[in-house]
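These numbers come from the heavy atoms of this one structure, side chains and all, not from hydrogens, waters or symmetry mates.
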Protein chains: 2
Amino acid sequence: MQVSRPDRLDESLIALRRILRATELFERDLATSAGLTPAQLRVLQIVDERESVTPKGLARQMGVSQATVTSLVDKLVARGLVERQPSSIDRRQTNVVITASGQARLKVAPDALQQRYVRAFEDLADWEQAQLVSSLERVAAILDAETIDASPVLTTGEIRPGGRLPESHN
Amino acid sequence: MQVSRPDRLDESLIALRRILRATELFERDLATSAGLTPAQLRVLQIVDERESVTPKGLARQMGVSQATVTSLVDKLVARGLVERQPSSIDRRQTNVVITASGQARLKVAPDALQQRYVRAFEDLADWEQAQLVSSLERVAAILDAETIDASPVLTTGEIRPGGRLPESHN
DNA sequence: AACTGAAACTTCAACATTCAAAGTAATTTT
DNA sequence: AAAATTACTTTGAATGTTGAAGTTTCAGTT
């Protein structure tokens, strides 16, 4: 309501930027240490999380065009880290699946940042954990409210009425 | 210490990813709506915040090489959004300053995401604001601890033992 | 004053990302 | 079956990114 302590706003924005910057810089390092580019690593991670993904699914989750995904998958296929498997139910579709070599590559590049977060989180007291979750979810709710709908990829067809994805993209 | 509620960790990670994804997607939209690329917009924003910046300063703050900055500044100069001004104290240096046209371009692209955050933050009760700041700063402290030192620019030789930079590059 | 080394920046060449537009093949709708 | 739609790829063009090499300037040494 009232701005009791204006500096608090600044402090929270600064902290938010630090989070953003740290993760961004780290992702680049992580990728290069794995011998990949950031975009390629992201594809590999997503393909690993989900068992199999279509290029369209990748495009939607990454927020890029299908053409871009094609190019990225090409690179990963050339390195033997993923494979294209024609879908049996719909022959227009292609499933991208990770190879053993791709799995191995991911293990070479453990997400140290996430690990550090996990460790620190687990060291917190119960009430501190609860507070952190509550705060992060509050910020997330603020920031990704309608933002996702404005994504370049979704503008094609998917106009979700007012809601948001049912967490299907995790 | 003990993992009282394991799902809390997942929940916080998911929230963190939502924050990351929302801001990333939004930045792209913001840039294109301003007729710029994300990288160019970031340069413009930094040059606007600080009165004048050297290419080296830009490179450090953005986490990219000087060559990249040269190329980005070239584009912005070609569009008349920034200018290069030779430094008077050190003729090796160049100061990049924003032009009136560049200022105008930034106004065309207000940071709606930040505005939304500001609005939501100000609507919070006093104790909620305090909790949010505390949580965000805690996460930021966890994530950007030594991360920044691992920036791609430094990866060439600098293996800093355990310390971290004294915040000199903010 | 001349030499040397470092610093700031640019140029160059090579590759990665990204997308719109056009093209192909398969599916669905009419 | 014809038309429209969907999934994906190809193509061409712009941008981003970097390491290496080059230029100019500065700072310190001799």
Does B:E51 have more than 12 heavy atoms from other residues, nucleotides or ligands lying within 6.0 Å of its CD? no
Taking salt bridge (Lys or Arg N to Asp or Glu O under 4.0 Å) as the test, write out the residues that go with A:R105, two or more places apart. none
Just checking A:T54: base, sugar-phosphate only, or nothing, at a heavy-atom cut-off of under 4.0 Å? sugar-phosphate
Scanning both residues in full, the closest heavy-atom pair of A:R17 with B:Q114 reads NH2-OE1, 3.9 Å
Would you mind telling me which of C:dC9, D:dG16, C:dA16 lies closest to the side-chain atoms of B:Q40? D:dG16
Can you pull out every ring-ring contact (aromatic ring centres under 6.0 Å, His included) where at least one residue sits in residues 29-65 of chain A? Sequence neighbours excluded, please. none
Would you say the side chain of A:R138 lies within less than 4.5 Å of the side chain of B:S135, judging by non-hydrogen atoms? no
Rounded to the nearest angstrom, tell me the gap between atom CD in A:Q93 and atom P in D:dT5. 19 Å
For B:Q66, which contact category applies under a 4.0 Å heavy-atom criterion: base, sugar-phosphate, or nothing? base
With salt bridge (charged side-chain N to carboxylate O under 4.0 Å, His left out) as the test, would you mind laying out the steps for A:K107 and A:D48 before giving the verdict? CA-CA 11 Å; A:K107 286 197 184 107; A:D48 181 54; over 6 Å; no
Residue among B:R18, B:R21, B:R116 satisfying salt bridge (Lys or Arg N to Asp or Glu O under 4.0 Å) with A:D144: B:R18
I'd like a table of atom pairs between the protein and nucleotides 13-15 of chain C - only N or O on both sides, under 3.5 Å - with the distance next to each one.
none

Rounded to whole angstrom units, what separation is found between the CG atom of A:L58 and the C1' atom of D:dA7? 13 Å
Pairwise side-chain hydrogen bond (donor to acceptor under 3.5 Å, both in side chains) hits with a residue in residues 81-92 of chain A, at least two apart: A:D74-A:R84, A:D90-A:R92
Verify the contact: side-chain N or O of B:R84 to OP1 or OP2 of C:dT10, cut-off strictly under 4.0 Å; return yes or no. yes
In whole Å, I'd like the distance from the CG atom of B:N95 to the P atom of D:dT25. 16 Å
Measure the distance from CG on B:L41 to C1' on D:dT15 and round it to the nearest whole Å. 15 Å
Separation of A:R28 atom CZ from D:dG16 atom C1', in whole Å? 11 Å
Is any side-chain N or O of A:T68 closer than 4.0 Å to OP1 or OP2 of C:dC19? yes
For each nucleotide in nucleotides 20-30 of chain C, reading 5' to 3', give B when a protein heavy atom comes within less than 4.0 Å of its base, S when such contact involves only the sugar-phosphate, and - otherwise. B-----BS---
In whole angstrom, give the distance that lies between atom NZ of A:K75 and atom C1' of D:dT17. 13 Å
Not counting sequence neighbours, list each pair that qualifies as a side-chain hydrogen bond (donor to acceptor under 3.5 Å, both in side chains) and has a residue in residues 32-45 of chain B. A:E24-B:R42
What integer distance in Å separates B:K56:NZ from C:dA7:C1'? 7 Å
Counting the atoms with a prime plus P, OP1 and OP2 as sugar-phosphate, which does A:T70 contact under 4.0 Å by heavy atoms, base, sugar-phosphate, or nothing? base
Quick one: B:M62 CE to D:dT15 C1', roughly how many Å, whole number? 13 Å
